Asks: 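Can you keep this structure in mind? I'll have questions shortly.
Note that the structure is predicted; figures quoted are calculated from it, not measured. Keep in mind that the numbers below use all heavy atoms, side chains included, and drop hydrogens, waters and symmetry copies.
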Amino acid sequence: MEERFAEIKGMEKMYAAVPEFSFWGVFYHIMFLQAEIIQNQNTGEAEKRVILELENMDNSIRVKLLFEGVSLFYMAGLDSVGGFDIDKNPDYEMDKEKQFLIIDYESNAISFYCREIEVLEAERRIV
């Protein structure tokens with residue numbers, strides 16, 4: 001597994017579906033978004049959780065991701081994203097709850113921080 005994604009749970013599902021996967025920027029369409037507030041089992045505090053289902057440009061790859069401990073959530077709409085990416089937060093050492101930065105670096109359609117990410121499903125489809 002690529003070291004850049006080693007801290008994302010369930011990446012083996014992505015690599016099983018798309019062995020050559022190397023860049024989140026292939027995803028252009030938000031197919032499903034669910035945001036909810038849950039109680040953290042460890043701390044008892046309420047926290048945000050987001051599930052995103054994304055597809056690539058030709059609809060041949062679909063992934064469903066779970067983001068735990070979401071903060072500073074921003075979304076401009078459910079239209080296409082232009083440069084979806086998941087990256088380590090450069091300020092992570094100062095704020096352990098913001099380990100990852102999720103951003104649409106081209107059209108700024110969505111952005112947020114989260115503590116954990118898990119690939120729930122990944123599939124390559126014949127179109």
Asks: Hey, could you give me the CG/NE2 distance between N56 and H29, rounded to the nearest 0.5 Å?
Replies: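 Output value for this atom pair is 7.5 Å.
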Asks: With a 4.5 Å limit on heavy-atom distance, are the side chains of M14 and V63 in contact?
Replies: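 Yes, side chains in contact.
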Asks: Show, in sequence, the C-alpha distance, side-chain angles and deciding distance for R125 and N59, and conclude whether the side chain to side chain contact (heavy atoms under 4.5 Å, CB included) test is met.
Replies: CA-CA 8 Å; R125 299 180 293 172; N59 304 323; 4.1 Å; yes
Asks: Between CG of L72 and CD1 of I102, what distance do you get to the nearest 0.5 Å?
Replies: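 Output value for this atom pair is 11.0 Å.
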Asks: Only one of E116, Q34, E36 clears side chain to side chain donor-acceptor pair (under 3.5 Å) with R49; which?
Replies: E36
Asks: Testing I86, I51, L120 for side chain to side chain contact (heavy atoms under 4.5 Å, CB included) with L65, which one passes?
Replies: I86
Asks: Using the ring centroid of each side chain, check whether Y113 and F100 are separated by less than 6.0 Å.
Replies: no
Asks: What are the two closest non-hydrogen atoms of N108 and A76, and how far apart are they?
Replies: O-CB, 4.1 Å
Asks: So F5 and Y15, side chain to side chain contact (heavy atoms under 4.5 Å, CB included) or not? Walk me through it.
Replies: CA-CA 11 Å; F5 307 126; Y15 292 122; 3.2 Å; yes
Asks: Test side chain to side chain contact (heavy atoms under 4.5 Å, CB included) on I30 and M75; report intermediate values, then the result.
Replies: CA-CA 11 Å; I30 297 173; M75 186 166 187; 3.8 Å; yes
Asks: Could you check if a side-chain atom of I110 sits within less than 4.5 angstrom of a side-chain atom of L33, using non-hydrogen atoms only?
Replies: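 Sidechains of L33 and I110: in contact.
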Asks: Examine distances only and state if a side-chain atom of R115 and a backbone atom of Q99 form a donor-acceptor pair shorter than 3.5 Å.
Replies: no
Asks: Please work out whether the ring planes of F23 and Y105 are parallel, tilted or perpendicular, with thresholds of 30° and 60°.
Replies: tilted
Asks: Any side-chain to backbone donor/acceptor pair from D85 onto G25? Under 3.5 Å, distance only.
Replies: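 No, because the side chain of D85 does not come within donor-acceptor range (under 3.5 Å) of the backbone of G25.
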Asks: How long is the span from the CZ atom in R124 to the CZ atom in F21, to the nearest 0.5 Å?
Replies: 11.0 Å
Asks: Does the D104 side chain pair with the main chain of G83, one donor and one acceptor, at a distance under 3.5 Å?
Replies: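 Looks like yes, one N/O pair under 3.5 Å.
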Asks: So, do I103 and D87 sit near enough that their side-chain heavy atoms are less than 4.5 Å apart?
Replies: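 I103 vs D87: side chains apart.
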Asks: Taking K48 first and then E68, would you say they form a salt bridge - that is, a charged N and a carboxylate O separated by under 4.0 Å?
Replies: no
Asks: Please determine whether side chain to side chain contact (heavy atoms under 4.5 Å, CB included) holds for the pair Q39 and E45, giving the CA-CA distance in whole Å, both sets of side-chain angles, and the decisive distance to 0.1 Å.
Replies: CA-CA 5 Å; Q39 188 170 1; E45 295 180 19; over 6 Å; no
Asks: If we only count heavy atoms from C-beta on, is the K98 to C114 side-chain gap below 4.5 Å?
Replies: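 When only atoms from C-beta onward are counted, C114 and K98 do not touch, as no gap falls below 4.5 Å.
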Asks: Are E47 and I38 packed together at the side-chain level, in the sense that at least one heavy-atom pair is separated by less than 4.5 angstrom?
Replies: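 In short, these two side chains touch, coming nearer than 4.5 Å.
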Asks: Working to the nearest 0.5 angstrom, can you tell me the gap between F84 CZ and F27 CZ?
Replies: 8.5 Å
Asks: Would you call E121-K13 a salt bridge at under 4.0 Å N-O?
Replies: no
Asks: Any link between L52 and Y74 through a network of hydrophobic side chains (Ile, Leu, Val, Met, Phe, Trp, Tyr) touching at under 4.5 Å?
Replies: no
Asks: Taking C-beta and beyond as the side chain, do F67 and F112 meet within less than 4.5 Å on heavy atoms?
Replies: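 In contact.
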Asks: Take atom CD in Q41; do more than 12 heavy atoms of anything else shown fall under 6.0 Å from it?
Replies: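 No, CD of Q41 has 12 or fewer neighbouring heavy atoms, counting only those of other groups under 6.0 Å.
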